[in-house]
4 protein chains.
Amino acid sequence: MNKVILAGRLATDPEVRYTQTGKAVASFRLAVNKRFSRDQQNTADFFTIIAWQKLAEICGNNLVKGSQILVDGYLQVRNYDAQDGSKRYVTEVVANDIEFMGSRPANHADNNYAGTPSASGTSSQSTAPKNQPAASSPASSFGSELPPDEEIPF
Amino acid sequence: MNKVILAGRLATDPEVRYTQTGKAVASFRLAVNKRFSRDQQNTADFFTIIAWQKLAEICGNNLVKGSQILVDGYLQVRNYDAQDGSKRYVTEVVANDIEFMGSRPANHADNNYAGTPSASGTSSQSTAPKNQPAASSPASSFGSELPPDEEIPF
Amino acid sequence: MNKVILAGRLATDPEVRYTQTGKAVASFRLAVNKRFSRDQQNTADFFTIIAWQKLAEICGNNLVKGSQILVDGYLQVRNYDAQDGSKRYVTEVVANDIEFMGSRPANHADNNYAGTPSASGTSSQSTAPKNQPAASSPASSFGSELPPDEEIPF
Amino acid sequence: MNKVILAGRLATDPEVRYTQTGKAVASFRLAVNKRFSRDQQNTADFFTIIAWQKLAEICGNNLVKGSQILVDGYLQVRNYDAQDGSKRYVTEVVANDIEFMGSRPANHADNNYAGTPSASGTSSQSTAPKNQPAASSPASSFGSELPPDEEIPF
DNA sequence: TTTT
DNA sequence: TTTT
């Protein structure tokens, strides 16, 4: 069992990229308020969140810096080579599911993808409004897919 | 909300150290089997687990490499200065609670500490058996304490 | 391990009562939207949430029907005697922690209670505004207490 | 968000039934040790766990009374008509995922079902050993299915 | 490097 | 750097 649940606000806009095979990957930083800051200031911890495929696109189309969300995912260690040739490790949270919080009706998006995304990465939702975070289509959502083992393009 | 739940086996023996003020800190690596390894080998992810105070001592006295546990905790980013002067970040899981799994009666330990540990770090449980992971005293366990903001001594 | 995490909106105002020993208990119903309603209507499941002591009072002072919250708690079966003399069982969620969601700065309340509540149940926060859910005092919050085994007064 | 995580031991053997359309449903009672029993006895809470389809069959084939498991699921209220005509409600935990704990290599089973179960309910795994809880086939496990809204046959 |  |  490997489970992470985080509630917080986006500290960055989501960045959506596409792998060579056309799979969407979103990433952003999430600010999670610390529970007890010793100095009574409301500090936060910052984590990198990764979302794949349909969920990635929903993030790209519906979230902006400041959006309040609830992430359900798992911890993952990713290794990469630093410029100095050494191996470096980063721990990220891969989202299985994201709930949009806040005043408007909570959206709900699952990391599922029934259709076949075009390899170019043009998403059917790419014209969705972004700064007016309307409800995304509520995710038909049967079947979850294996996160690709291709390199994450960032 | 910042919650992590991991089930796995210790990949290292726990290492227990003491801060200047005598607070115990345990750390170890936890191997969490990946759910779907593409190559069908049973690979794992490895995470660093931190436990404080009474829970740290219970870990030191009851866990060894290979022990199967269930960790309930939270994600924390810790930053330190690399040898080359640059800032480096590590993400760790701070345990609030650890359950001991396996064949013998499940222990249960909470990150609580009623007494005052001697600053020398000599623990009242320091003579407890280690390789014969008997049940630790079942944690009277009222009250949880703030994790210290002193430097973790490793 | 016994953990429940629910996000939803209050379906009722919280009801706060006091045990004979003066411990506050709040209860309310939480509407949690179902993920996949077959008929595409946004139906919900309804669960009873119980909060004790300081957390109960924070609920009573800050939550109203419609409030959006995140509950971290555990499942509990409670049995009582039905009018016909038979034993009846109810499953409830006892909150350890509740986060207030929505547009204003997220509050954070822990089920902790440092002071000694007067047996009359008069809370220091009993005059706090209710329909203008301002931030409660952010829970100094060291130490969590055992939920009482006295009868819940409802 | 509606999440439940329970660790415990089966208090009953799993009972597997089949709906009219041939979907397998398993149910059993799980004993979850209470954290702090006031009387220091190690009492437990008992919850009903429901599993569907492939996961139901894996439960039926691999679990027995006493098996130690980790359940990841969600809370569900089910209503039925009592003999006296009144409406009665039960709260159950529907498993998305069950991990088998204990001494032997942890199994891992997902609530996924790629194939089409015969309406008769004869499972491809129905001859698997039961009292010698060997590892079930490790769940190819792409795609999770909607829990049926047919009546649970018990 | 950071959100409200 | 790694557990079964």
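Letters go in sequence order (proteins before strands), and every chain restarts at 1.
Rounded to an integer number of Å, the gap from CZ of A:Arg9 to P of E:dT2 is 18 Å. The separation between B:Lys65 atom NZ and F:dT3 atom P is 5 Å, rounded to whole Å. Atom CG of A:Asn79 is separated from atom P of F:dT2 by 12 Å (rounded to the nearest Å). When the C1' atom of E:dT1 is taken as reference, atom CZ of A:Phe47 falls 15 Å away, rounded to whole Å. Between the C1' atom of E:dT2 and the CG atom of A:Asp13 lies a distance of 12 Å, rounded to the nearest Å. B:Gln68 places its CD atom 15 Å from the P atom of F:dT3, with the value rounded to the nearest Å. Atom P of nucleotide E:dT4 and atom CE of B:Met1 are separated by 21 Å, given to the nearest angstrom. Put simply, CD1 on A:Ile69 is 13 Å from P on E:dT4, counting in whole angstrom units.
Separating the CG atom in C:Leu30 from the CZ atom in C:Arg9 is a distance of 10.5 Å, to the nearest 0.5 Å.
Formation of a donor-acceptor pair under 3.5 Å by the A:Glu99 side chain with backbone atoms of A:Val71 is not found in this model.
Counting any heavy atom pair closer than 4.0 Å across all strands shown, B:Tyr89 reaches sugar-phosphate atoms only and no base atom.
Residues passing the side chain to side chain donor-acceptor pair (under 3.5 Å) test with A:Asp45 are A:Lys34, sequence neighbours excluded. The side chain to side chain contact (heavy atoms under 4.5 Å, CB included) search around B:Tyr89 returns B:Val77, B:Asn79, B:Lys87, not counting sequence neighbours.
Remark: ring of B:Phe46 overlaps the six-membered base ring of F:dT2 in a stacked fashion, centroids less than 5.5 Å apart, planes less than 30° apart.
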